[in-house]
Amino acid sequence: MSDKTEKTEPRLSVFKTYKLYVGGKFPRSESGRVYEVTDSKGNWLANAPQSSRKDARDAVVAARKAFGGWSGATAYNRGQVLYRVAEMLEGRREQFVREVAEAEGLSRAKAAAVVDAAVDRWVWYAGWTDKIAQVVGGANPVAGPYFNLSSPEPTGVVAVLAPQESSFLGLVSVLAPVIATGNTAVVVTSAKAPLPALSLGEVLATSDVPGGVVNILSGATAELGAPLAAHQDVNAIDLAGAGAELAKELEIAAADNLKRVLRPQPVDYSAAPGIDRMTAFLETKTVWHPTGALGASGSSY
């Protein structure tokens with residue numbers, strides 16, 4: 001027997017190539033641009049796609065195409081799909097803990113708490129899908145022989161500028177309520193920490209979420225926010241990730257087609273969410289119907 005030990009060559013790591021998530025597919029930016037993403041200490045993590053205005057327009061087309069099917073699905077079915085997202089995130093927990101820790105400069109324990117909270121947030125909104133109608137809708141008393149019923153309906157295509165600092169929990173907190181109520185979304189990730197959001201696209205693609213319901217773009221918030229705010233086929237915009245000056249510019253642009261606008265505001269994303277972000281992107285449909293009369297006594301149905 002030989003006493004020589006076999007020497008192994010050092011193994012090179014396989015670096016992940018991050019891509020956009022548009023229409024259920026994973027394209028690179030049509031511009032071919034990328035930008036460096038670093039951790040809190042300035043160490044290089046990866047190159048992320050730098051989306052263009054064309055990418056934003058393509059994402060809106062995909063979101064509009066998906067809106068009919070998603071808004072027409074039963075609320076119970078949407079809840080099942082959102083719960084499936086939570087299941088898949090739980091299975092990839094370690095990956096997201098690492099990415100959130102690197103993106104936000106957190107310890108592993110704190111990053112794990114953030115990821116767990118994000119998973120719980122998906123479950124929380126999954127439970128609301130078939131309950132929000134009872135909370136914000138109902139029968140209205142009227143002076144006349146009519147039924148008068150109000151029910152919520154999704155606004156349509158919603159552009160979401162994700163929070164800059166809370167790259168994952170904040171992202172989930174602004175995205176989940178949009179799709180829980182039947183809207184479709186075009187999300188612009190945190191510019192400096194886009195990697196957890198881009199990885200979320202991989203989870204959504206395997207979580208029964210129909211292609212186009214969520215579209216994820218990385219890049220400069222101002223560059224992507226401007227065409228989305230002015231886009232005539234975007235029905236609403238959440239400015240959570242925009243600074244005060246940019247938010248003002250985008251709100252002016254959004255007024256052109258009377259978009260619903262959710263202004264940026266201080267939010268503790270670790271706190272229990274309310275229903276405000278769900279109701280922000282709901283319209284109310286009211287239906288009148290005559291009750292009719294039965295018999296000589298005047299009883300009605």
Side-chain angles (χ1 to χ4, degrees), residues 13 15-21 34-51 85-86 88-125 159-178 185-204 207 214-225 238-244 246-247 262 264-273 277:
S13 299
F15 289 102
K16 182 174 180 177
T17 300
Y18 288 87
K19 297 181 182 179
L20 308 176
Y21 182 56
V34 297
Y35 69 101
E36 289 188 0
V37 179
T38 58
D39 62 17
S40 59
K41 298 180 180 178
N43 299 313
W44 180 83
L45 294 175
N47 289 331
Q50 185 167 342
S51 306
V85 175
M88 297 298 291
L89 280 174
E90 191 77 33
R92 297 177 63 166
R93 180 176 180 272
E94 293 304 313
Q95 173 195 347
F96 281 93
V97 168
R98 174 178 54 78
E99 290 188 343
V100 170
E102 293 173 342
E104 301 181 20
L106 302 177
S107 66
R108 191 186 184 285
K110 290 183 177 180
V114 167
V115 173
D116 289 343
V119 174
D120 293 346
R121 193 64 44 90
W122 279 110
V123 175
W124 195 86
Y125 281 112
V160 179
L161 306 187
Q164 297 297 329
E165 301 303 323
S166 185
S167 65
F168 191 54
L169 178 57
L171 167 73
V172 171
S173 298
V174 298
L175 171 60
V178 169
V186 177
V187 180
V188 179
T189 70
S190 165
K192 69 177 184 178
L195 304 188
L198 295 175
S199 289
L200 178 63
E202 299 171 3
V203 171
L204 297 175
S207 301
V214 178
N215 305 275
I216 301 176
L217 307 173
S218 58
T221 302
E223 181 181 356
L224 298 172
D238 184 343
L239 301 176
L246 176 60
L262 186 59
Q265 51 197 298
V267 179
D268 179 5
Y269 291 110
S270 63
R277 286 192 176 274

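Below, each value reflects all heavy atoms present in this structure, side chains not excepted, and no hydrogens, waters or symmetry copies.
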Counting only N and O atoms by type, is there a donor-acceptor contact under 3.5 Å from the side chain of Y35 to the main-chain atoms of A191? yes
Those residues that, when tested against S207, pass side chain to side chain donor-acceptor pair (under 3.5 Å) (two or more places apart): none
Does V174 reach the side chain of L262, with side-chain heavy atoms less than 4.5 Å apart? no
Does E104 have any salt bridge (charged side-chain N to carboxylate O under 4.0 Å, His left out) partners at least two apart in sequence or in another chain, and if so, which? none
With sequence neighbours excluded, give me every salt bridge (charged side-chain N to carboxylate O under 4.0 Å, His left out) pair touching residues 108-123. R93-D116, E94-R108
Pairs meeting criterion salt bridge (charged side-chain N to carboxylate O under 4.0 Å, His left out) with involvement of residues 159-177, two or more places apart: E165-K192
With ring-ring contact (aromatic ring centres under 6.0 Å, His included) as the rule and sequence neighbours excluded, what pairs involving residues 96-119 come up? F96-F168
Report the distance from atom OG of S199 to atom CZ of R92, rounding to the nearest 0.5 Å. 6.5 Å
Counterpart residues, side chain to side chain donor-acceptor pair (under 3.5 Å), relative to S190 (two or more places apart): none
Kindly write out the residues that satisfy side chain to side chain contact (heavy atoms under 4.5 Å, CB included) with V114, not counting sequence neighbours, or none if the list is empty. V100, L106, L169
Residue list, side chain to side chain donor-acceptor pair (under 3.5 Å) with E102, at least two apart or on another chain: none
Assess the residue pair R277 and V267 against the criterion (side-chain contact (heavy atoms from CB on, under 4.5 Å)); give the C-alpha distance rounded to whole Å, side-chain angles, the decisive distance to 0.1 Å, and a yes or no. CA-CA 12 Å; R277 286 192 176 274; V267 179; 4.0 Å; yes
Please test L171 against T189 for side-chain contact (heavy atoms from CB on, under 4.5 Å), starting from the C-alpha separation and ending with a verdict. CA-CA 8 Å; L171 167 73; T189 70; 5.7 Å; no
Does Y21 have any ring-ring contact (aromatic ring centres under 6.0 Å, His included) partners at least two apart in sequence or in another chain, and if so, which? F26
For S270, what residues pass the side chain to side chain donor-acceptor pair (under 3.5 Å) criterion, not counting sequence neighbours? D268
Separation of L20 CG from Q50 CD (nearest 0.5 Å): 11.0 Å
Please walk me through it: do L89 and L200 pass side-chain contact (heavy atoms from CB on, under 4.5 Å)? CA-CA 8 Å; L89 280 174; L200 178 63; 4.1 Å; yes
Holding to side chain to side chain contact (heavy atoms under 4.5 Å, CB included), I want the full list of residues that pass it with T17, two or more places apart in sequence or in another chain. K19, R28
Contacts of E223 that satisfy salt bridge (charged side-chain N to carboxylate O under 4.0 Å, His left out) - sequence neighbours left out: R33
